[in-house]
Student: 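Let me begin by handing over the structure; questions about it come next.
In this chain, numbering begins with 1 at the start of the sequence shown.
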Amino acid sequence: MTLGELVEILGGKLVQGSPETVLTGVNSVERDFDATVATGALRTAMETLPVDGKAQLDVVLRLAGMMLHKSNVRPRFVECVQAFREGIGNGPGATLESLTENYTVAHDKYYEPFLAQHPYIMENYLINTIFRCQFPFGREGMKAGAQPEMTREYALLTAQFALMKGLLIGVAGFNREAFSAAHVVHTMQAASKHFEHHPEFLDLAHQLLVDNQMDGARGLAILLRNSETQPLAHQPVA
């Protein structure tokens with residue numbers, strides 16, 4: 001099973017239905033996980049979904065650029081964004097087409113082989129994001145009397161996962177064969193702290209998806225799909 005497939009399961013089980021069915025959906029995800037891994041049923045469905053690196057990268061670039069104008073941006077995050085940009089060749093004369101080509105090379109040649117050997121890294125990030133954002137209710141949805149917007153929360157979970165993956169793809173392209181767990185930890189910590197200190201990021205990210213018509217099932221699938229996908233190890237998460 002791939003990480004993209006796991007996010008699809010979360011969306012299918014938890015987003016659909018009324019708030020009263022959410023806990024049932026949570027139990028269903030846990031119960032059906034082994035069966036889904038064993039049969040590979042979702043992999044076949046995922047392989048029919050579009051791969052659009054250009055559209056994916058465009059959203060990642062826009063998400064990564066949010067909040068950079070803030071006066072309290074930390075140098076560590078600026079370093080991560082700079083490495084990401086250099087890793088995909090984002091300089092004078094670059095076009096979205098050339099950036100997409102470099103992004104794809106960085107994914108296939110440096111990011112994917114490393115993550116294939118360390119699948120738990122992105123798995124842990126996804127699980128931590130689920131807990132941090134209180135998915136599928138969201139922080140606002142947890143308040144008394146609130147009506148959870150589960151479709152919105154699923155879109156935001158996907159966007160955050162896609163952004164972190166995209167940053168790491170660029171960082172992998174920048175460091176090439178030297179790409180290591182230390183680079184992953186540095187990027188994740190810097191980016192997570194940056195966006196946690198700017199809570200308005202989630203609202204802006206959702207508006208970006210809506211404006212670009214990427215908040216529906218097809219758009220979110222594009223954010224998850226690359227030319228190759230790393231297997232998701234089925235093991236306890238530390």
Student: I'd like to know if Asp58 and Lys54 make a salt bridge, using a cut-off of under 4.0 Å between side-chain N and carboxylate O.
Tutor: no
Student: If only atom types and distance count, is the side chain of Gln56 paired as donor or acceptor with the main-chain N or O of Arg225 below 3.5 Å?
Tutor: yes
Student: Under a plain distance cut-off of 3.5 Å, with no hydrogens placed, do Asn226 and Glu112 share a side-chain donor-acceptor pair?
Tutor: no
Student: Distance from Lys193 atom NZ to Glu196 atom CD, nearest 0.5 Å?
Tutor: 9.0 Å
Student: Return the set of residues passing ring pair (Phe, Tyr, Trp, His ring centres under 6.0 Å) with His186 (not counting sequence neighbours), or none when no residue passes.
Tutor: none
Student: Report all side-chain donor-acceptor pairs from residues 201-208 shorter than 3.5 Å, counting only partners two or more places apart or in another chain.
Tutor:
residue	atom	partner	partner atom	Å
Asp203	OD1	Arg152	NH2	2.4
Gln207	NE2	Asp211	OD1	2.7

Student: Would you kindly say whether Tyr125 and Gln160 are connected by a side-chain donor-acceptor distance under 3.5 Å?
Tutor: no
Student: Using modelled atom types and a 3.5 Å cut-off, is there a donor and acceptor pairing between side-chain atoms of Ser98 and backbone atoms of Thr95?
Tutor: yes
Student: Please round to the nearest 0.5 Å and tell me the distance separating atom NE2 of His118 and atom CG of Asn124.
Tutor: 12.5 Å
Student: Do Val78 and Val171 share a hydrophobic cluster (ILVMFWY, side-chain heavy atoms under 4.5 Å, transitive)?
Tutor: yes
Student: Are any non-hydrogen side-chain atoms of Leu115 and Met122 less than 4.5 angstrom apart?
Tutor: yes
Student: Mark yes or no for whether Asp52, through its side chain, and Ala55, through its backbone, hold a donor-acceptor pair below 3.5 Å.
Tutor: yes
Student: With Tyr154 as reference, evaluate Leu156, Thr158, Thr151 under the side-chain contact (heavy atoms from CB on, under 4.5 Å) test and give the passing residue.
Tutor: Thr158
Student: Atom CE of Met214 and atom CG of Leu220: how far apart are they, to the nearest 0.5 Å?
Tutor: 7.5 Å
Student: In the single-linkage hydrophobic clustering (I, L, V, M, F, W, Y; side-chain heavy atoms under 4.5 Å), do Val185 and Phe77 co-cluster?
Tutor: no
Student: Can you find a heavy atom in the side chain of Met188 that is under 4.5 Å from one in the side chain of Leu168?
Tutor: yes
Student: How long is the straight-line distance from CD of Glu86 back to CD of Gln82, given to the nearest 0.5 Å?
Tutor: 4.5 Å
Student: Assess the residue pair Gln189 and Arg76 against the criterion (side-chain contact (heavy atoms from CB on, under 4.5 Å)); give the C-alpha distance rounded to whole Å, side-chain angles, the decisive distance to 0.1 Å, and a yes or no.
Tutor: CA-CA 9 Å; Gln189 288 182 345; Arg76 291 187 68 192; 3.6 Å; yes
Student: For this output row, return yes or no: ring centroids of Tyr103 and His107 closer than 6.0 angstrom.
Tutor: no
Student: Treating Thr104 as the side-chain partner and Thr100 as the backbone partner, does any N or O pair qualify as donor plus acceptor under 3.5 Å?
Tutor: yes
Student: Supply the atom-to-atom distance Asn90 CG to Leu57 CG, rounded to the nearest 0.5 angstrom.
Tutor: 8.5 Å
Student: Could you state whether Phe179 and Phe174 fall into the same hydrophobic cluster, counting links through intermediate Ile, Leu, Val, Met, Phe, Trp or Tyr residues with side-chain heavy atoms under 4.5 angstrom apart?
Tutor: no
Student: For the hydrophobic clusters of this structure (ILVMFWY residues joined by side-chain heavy atoms under 4.5 Å, transitively), does one cluster hold both Val210 and Val59?
Tutor: no
Student: Of all the heavy-atom pairs spanning Ala106 and Gly87, show the shortest one and how long it is.
Tutor: CB-O, 4.4 Å
Student: Considering residues at least two apart in sequence or located in another chain, which fulfil the side chain to side chain contact (heavy atoms under 4.5 Å, CB included) criterion with Arg176?
Tutor: Tyr110
Student: Assign the ring pair His194 / His198 to parallel, tilted or perpendicular, where the plane angle (0 to 90°) is split at 30° and 60°.
Tutor: tilted
Student: Could you tell me the separation between the CD atom of Glu97 and the CG atom of Asn102, rounded to the nearest 0.5 Å?
Tutor: 12.0 Å
Student: Check for me, please, whether Val105 and Phe114 land in the same ILVMFWY cluster - side-chain distances under 4.5 Å, paths through other members count.
Tutor: no
Student: If you apply the rule side-chain contact (heavy atoms from CB on, under 4.5 Å), what do you find for Leu61 with Leu99, and how did you get there?
Tutor: CA-CA 10 Å; Leu61 284 166; Leu99 294 177; 4.2 Å; yes
Student: How about His183 and Ser180: does a side-chain donor come under 3.5 Å of a side-chain acceptor?
Tutor: yes
